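I have placed the structure first, in the form of C-alpha cells, so that the comments after it can refer back to it.
Per chain, numbering begins at 1; letters A, B, ... match sequence-line order. What you see is a predicted model, and the numbers here were worked out from it, not measured in a lab.
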Number of protein chains: 2
Amino acid sequence: MKKSVHPAAVSLLAVAKEAGVSRATASLVLRDSPLVAEPTRERVRAAMARLGYIYNRGAANLRQNRTGTIGLVLSNIANPFFSSLTAGVDEANDASGAICFIANSAESPEKQSRQIRRLREHNVDGLIICPAIGSDHTLIDELRLLALPYVQVLREIPGSEGDVVSVDYGLGIEQAVAYLVAMNRRNIVFVGAMETHSAAQARVEGFRRAIRHFGLAEMPLVEAMGGNGYNESALDALFDSGPRPDAAICYNDLIALTLFHHLGRRALKIGTDFAVVGMDDLPQAKAPTLP
Amino acid sequence: MKKSVHPAAVSLLAVAKEAGVSRATASLVLRDSPLVAEPTRERVRAAMARLGYIYNRGAANLRQNRTGTIGLVLSNIANPFFSSLTAGVDEANDASGAICFIANSAESPEKQSRQIRRLREHNVDGLIICPAIGSDHTLIDELRLLALPYVQVLREIPGSEGDVVSVDYGLGIEQAVAYLVAMNRRNIVFVGAMETHSAAQARVEGFRRAIRHFGLAEMPLVEAMGGNGYNESALDALFDSGPRPDAAICYNDLIALTLFHHLGRRALKIGTDFAVVGMDDLPQAKAPTLP
DNA sequence: AAAGCGATTTAGATCGATCTAAAAACGACG
DNA sequence: CGTCGTTTTTAGATCGATCTAAATCGCTTT
C-alpha cells in the first residue's frame, strides 16, 4: 500500500496502459499524428478523458528543447501604453498556443539583466524587449551570449542589428507640427523632452527638423522631470518672456494630461487659446477634450 | 565528428566532468548545499564559469514537481488599474525568484478557461485570477479539478471559499458620499453602474446604503455602457428633469475622465458647479483637476 | 507458403536536473 | 591496525514526455 498525498498525477504511461497501447502510441495521439489507426486513436482519447489526463508540457519541453514561451521584458509596466502592447501580444499568443512570461525592468539595467537570466533559465524561446533607459551594447552582448533570439520594441540599442518593431516617432512629431502650422500656430513648444533612449531622441530630432523646415520660432525644449512630469518652471518662464507659445507638442499623452492642469491654472482655453498635441493615443486622453 | 548546430548546451554533467566530480555533487553545489567540502565547491563553481553553464530550470522542475511560476489571469489587461497590480506582483516575484505567466481573459469565460488549462499544462504553482465577467462556480470547479491553488483579486465568485485579495469598494463609496454630503451636495448620482461582478455590485450596494443613511434624493443609477463609457442620454435625462444632480460618484476613474467631457459640454465648472468623485486613484486622473 | 510492402505499433534511449541510499574518504581512538 | 563515526561523494533511479530504429500486423503477390 503506497501513501499518496496527491492522487498521483496521470501520466501518459497510465493512459497508455488504460488504453492497452504503448507510451509511444499515446504520444502520437497527443500530437495528432496521422500514423495512428482511427480506432486506436479513439481508444486512447477515451482513456485520456476517463482518467482526466493533463498534458505535461514541462516534460515535453525538456525533450523537445523548446517551450512555447516568450519573455516580455518591459521598461515600465505601469505605463498604460504597454498595457495595449501586452494585450496585443497575448492575443497573438492565444492564437498560436504560446504564452508569455512578463518581467518589468523598471528602467533599471541591472534588474533587466537579472530578469533576462531568469527567463533564460526557464528556457524561453525568445524575448520581446523594450530596453531600459541606460541599456547599452552590453545588453545585446548578453543576449547573444545566452543565445536568446530577441525583438526590440519601441526602443532600440544603437548598432544592435536585430529586428525592431517600433513607431516612427520622428515622423509623427513632424506631422503634428505640420498640422499645428496649418492651424496657424507659430510658437510651438516641445514639452517633456529627454535624450535617454532612442524613442525619445527620435521625437526631439523630428521636432527640430520640423521647426527648421517651417522656419518657426526656436523655443527652448521643456525637459521631462521624473515619471510623467515635466519642468513646470521652465514652461512658466517661456510664457512670461519672449514670444508667447500658442501650442505644445507633448512627449506623450500622460504629459499632455498633466499639461491641462497647467493651462487650467493660467485660464487658457484648450483648443482656442492654446493647442495641445499628445502622442500614444491612450483612450483616456480623449476625455478632457472639448467637443 | 559530430554535427552540431548549437554548441551543445553545457549540462550539469559536462560541468561535473570538467570539475572532476559526479553529477550529484555538482547539483549540490548548485543548490548551495552544506554537504560539499569548500575546495570541491570552488572547483565546481570555477568549472561552471569556465564552461558558461546555464541552469536548466525546466529539467529541475520536472523532477521537483514545482516550477516557481505563477499564472496571472486578468480580466482586462488594457485597464491601467491592472498595470499597477502587475507591477506589484512582478516586484514580489523579483524578490522571491518566482516569475509570472500573463494571460488576458478579456472578460470572456471561454478564453479564461482556455488560458487556465494552458497555464496548468505549464505546471504553474498557482494562479492569481481576476475572474472574467460572467464567470460562475464552474470556474471554481475547474480550478479544483485541475488541483490549481488560486487567489482571487478584486472580484470574487460567490461561495468560492478560497482566498481573496480585494478592495472594500462598498465602504469606499460610502466614504465618498459622506464627503460629498459634508460639502453640501445633496443630489448625488452614480455613474457607470453595473451588476455584472462582485466588485461592481459592492459599489452599487454601498451607494444605496449611503443614500438611505443620509436621507438623500434617490436618483436613478446611470448604467455603464461598453468598456469605459456610460449611458449618456440617461444622464442627460437626469439633468433635464426633476432635482438637478450636483455631484457624481463614478464607477472608476476612467468613467470620471469621460464624465469631464460631458460636463464641459454643459459648461459646468467642475468642483464648484458640480463635484466629481472617481475610484482607483489612477495617476492620470489627477491631470484635469483644478488647483 | 514464402516473400514483399505499406501501415501501425513499440521498446528503449534520451532530455537535464534531483533524490535516495549506499559507498568512500578521513580522523580519532583503543 | 582495525573499528567507529563523521564528513563527503557518488551510482543509479526517477520525473513525463519525445524520438529513433526496429518489430509486428495485414494483405497482396508469386
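Considering only heavy atoms from C-beta on, Val73(A) stays 4.5 Å or farther from Ile128(A) through its side chain. Contact annotation: the side chain of Arg117(B) approaches that of Glu142(B) to within less than 4.5 Å [non-hydrogen atoms, C-beta and beyond]. A 4.5 Å side-chain heavy-atom check between Val151(A) and Ile129(A) finds every atom pair outside the cut-off. A heavy-atom distance below 4.5 Å is found between the side chains of Val44(B) and Val15(B). In this structure, Tyr169(A) and Leu154(A) have side chains that are in contact, with non-hydrogen atoms separated by less than 4.5 Å. Met194(B) places a side-chain heavy atom less than 4.5 Å from the side chain of Tyr251(B). Two residues are said to be in side-chain contact when any heavy atoms from C-beta on lie closer than 4.5 Å; Ser160(B) and Gln152(B) meet this criterion. Side-chain contact between His122(B) and Thr69(A) is present, with at least one heavy-atom pair separated by less than 4.5 Å.
Considering every non-hydrogen atom in both Met48(B) and Ala26(B), the closest pair reads CE-O, 4.1 Å.
Scanning DNA chain D 5' to 3' for nucleotides with an atom closer than 4.0 angstrom to a non-hydrogen atom of chain B gives a first and last hit of dT8(D) to dG16(D).
Listed in residue order, the members of residues 40-58 of chain B having a heavy atom less than 4.0 Å from DNA chain D are Thr40(B). For DNA chain C, the residues of residues 12-35 of chain B within the heavy-atom distance limit of 4.0 Å (strictly under) are Leu12(B), Arg23(B), Ala24(B), Ser27(B), Arg31(B), sorted by number. Near DNA chain D, defined here as any heavy-atom distance below 4.0 Å, there are no residues from residues 117-127 of chain A.
For Ser27(B) and Arg23(B), the side-chain atoms include no donor-acceptor pair closer than 3.5 Å. Side chains of Asn123(B) and Asn56(A): a donor-acceptor N/O pair is present below 3.5 angstrom, by distance only. Between the side chains of Thr86(A) and Ser83(A), no donor N or O sits under 3.5 Å from an acceptor N or O. A donor atom on one side chain and an acceptor atom on the other are not found under 3.5 Å apart for Glu156(B) and Ser166(B).
The bend of the helix from dA1(C)-dT30(D) to dG30(C)-dC1(D), defined by the angle between the axes of its first five and last five pairs, stands at 80° to the nearest 10°.
Formation of a donor-acceptor pair under 3.5 Å by the Arg41(B) side chain with backbone atoms of Val29(B) is not found in this model.
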Please tabulate, for side-chain N and O atoms in residues 97-106 of chain B, each donor-acceptor pair with protein atoms closer than 3.5 Å (sequence neighbours left out).
unit_1, atom_1, unit_2, atom_2, d
Asn104(B), OD1, Ile77(B), N, 3.3
Asn104(B), OD1, Ala106(B), N, 3.0
Ser105(B), OG, Leu74(B), O, 3.2

